[in-house]
Amino acid sequence: MAAGKHSSSEVTIGYDDAPGGSLRQIEQSVLTMSGVKIEAGQQLSHAYGDSWEESTPTGIRKVLPITMTGFFDDTATTGPHTVLRVVDGDIDPTGSTRTLTVVFGNSKTFTVETRLVSYEVLGKNGNLTEYAAVIQPTGAGTWS
C-alpha cells in the first residue's frame with residue numbers, strides 16, 4: 001500500500017463498557033462507523049442588503065455524534081450487546097462519561113469523552129440481526 005494510505009484493517013476502536021468503566025476493543029463488532037469530525041461553530045453574520053451569506057466563528061468547537069452499526073452479538077463478554085447497551089450510569093447527569101478511542105493507520109489516535117445516547121437491536125427478516133448505537137461526544141476531541 002502506498003505510504004500514508006491505510007485500510008480498515010488498521011483501525012482499532014476502544015469504548016468503555018460503562019460510564020467510568022473499562023476500555024474494551026470493539027472493532028471486530030463494528031461494520032460501519034461515521035467519521036470522527038471536529039466542527040468549528042459559526043454564527044450567521046450577514047446583514048440586510050447583503051447578497052451573500054456570511055459567517056463568523058463563535059470560538060466553540062464540537063465533535064459531532066458518532067454512529068456505529070454491526071451484527072448483534074449477545075454471547076461475548078466484550079461484544080456490542082455488553083459494551084454498547086445503555087445502563088443506569090448513562091442517564092445520570094452527574095455520572096461519569098465513557099471514553100472513545102479510535103486509532104487510524106500510523107497510530108493517529110482520536111480520543112474523546114462521550115455519553116452513550118442509544119443502542120438499538122434491529123431484527124431483519126431473512127438476514128442477521130444487527131445493532132445500531134449513537135454516541136454523543138462531550139468536551140474536547142483530541143488527536144495524538
From [X] [atom1] over to [Y] [atom2], what is the distance, rounded to the nearest 0.5 angstrom?
| X | Y | atom1 | atom2 | answer |
| --- | --- | --- | --- | --- |
| Arg115 | Thr97 | CZ | OG1 | 6.0 Å |
| Thr101 | Asp16 | OG1 | CG | 8.5 Å |
| Leu100 | Leu23 | CG | CG | 8.5 Å |
| Thr82 | Ile26 | OG1 | CD1 | 11.5 Å |
| Gln136 | Thr114 | CD | OG1 | 9.0 Å |
| Leu64 | Ser34 | CG | OG | 8.5 Å |

Under 4.5 Å between side-chain heavy atoms, hopping through other hydrophobics if needed: is there a path connecting [X] to [Y]?
| X | Y | result |
| --- | --- | --- |
| Val86 | Met68 | yes |
| Ile135 | Val103 | no |
| Leu128 | Leu31 | yes |
| Trp143 | Val11 | yes |
| Val121 | Val83 | yes |

Minimal non-hydrogen separation, [X] against [Y], with atom names:
| X | Y | value |
| --- | --- | --- |
| Ala47 | Asp50 | N-OD2, 2.8 Å |
| Val112 | Ala140 | CG2-O, 3.6 Å |
| Ser45 | Thr56 | OG-OG1, 2.9 Å |
| Pro19 | Asp90 | CG-OD1, 3.3 Å |
| Arg98 | Tyr15 | CD-OH, 3.3 Å |
| Gly35 | Ile66 | O-CG1, 4.1 Å |

Worksheet item: In this structure, are over 12 heavy atoms from other groups packed under 6.0 Å from Asp88 atom CG?
Response: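 Open.
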
Discussion item. For the CD atom on Gln43, are there more than 12 heavy atoms of other groups (residues, nucleotides or ligands in this structure) within a distance under 6.0 Å?
Written reply: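 Atom CD in Gln43 is not packed in, count stays at 12 or less.
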
Discussion item. Between Thr78 and Asp17, is the side-chain contact (heavy atoms from CB on, under 4.5 Å) condition met? List the steps.
Written reply: CA-CA 8 Å; Thr78 59; Asp17 56 10; over 6 Å; no

Between the side chain of [X] and the main-chain N/O of [Y], is any donor-acceptor distance below 3.5 Å?
| X | Y | value |
| --- | --- | --- |
| Arg61 | Gly139 | no |
| Glu27 | Ile13 | yes |
| Asp73 | Thr75 | yes |
| Tyr131 | Leu84 | no |

Worksheet item: Between Thr69 and Thr32, does a side-chain hydrogen bond (donor to acceptor under 3.5 Å, both in side chains) hold up when you go through it step by step?
Response: CA-CA 5 Å; Thr69 67; Thr32 67; 2.3 Å; yes

Worksheet entry | Intermediate values then yes/no, side-chain contact (heavy atoms from CB on, under 4.5 Å), Met33 and Thr67 | CA-CA 6 Å; Met33 182 181 80; Thr67 59; over 6 Å; no

Fill in: Side-chain H-bond candidate by donor/acceptor type, Gln42 with Ser55, under 3.5 Å
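No.
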
Worksheet item: Using the ring of each side chain (for Trp, its six-membered ring), is His81 parallel, tilted or perpendicular to Phe72, with breaks at 30° and 60°?
Response: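 It falls in the perpendicular class, over 60°.
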
Fill in: Beyond-backbone contact of Thr77 with Arg24, side-chain heavy atoms, under 4.5 angstrom
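Result no, sub-4.5 Å side-chain heavy-atom pair not found.
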
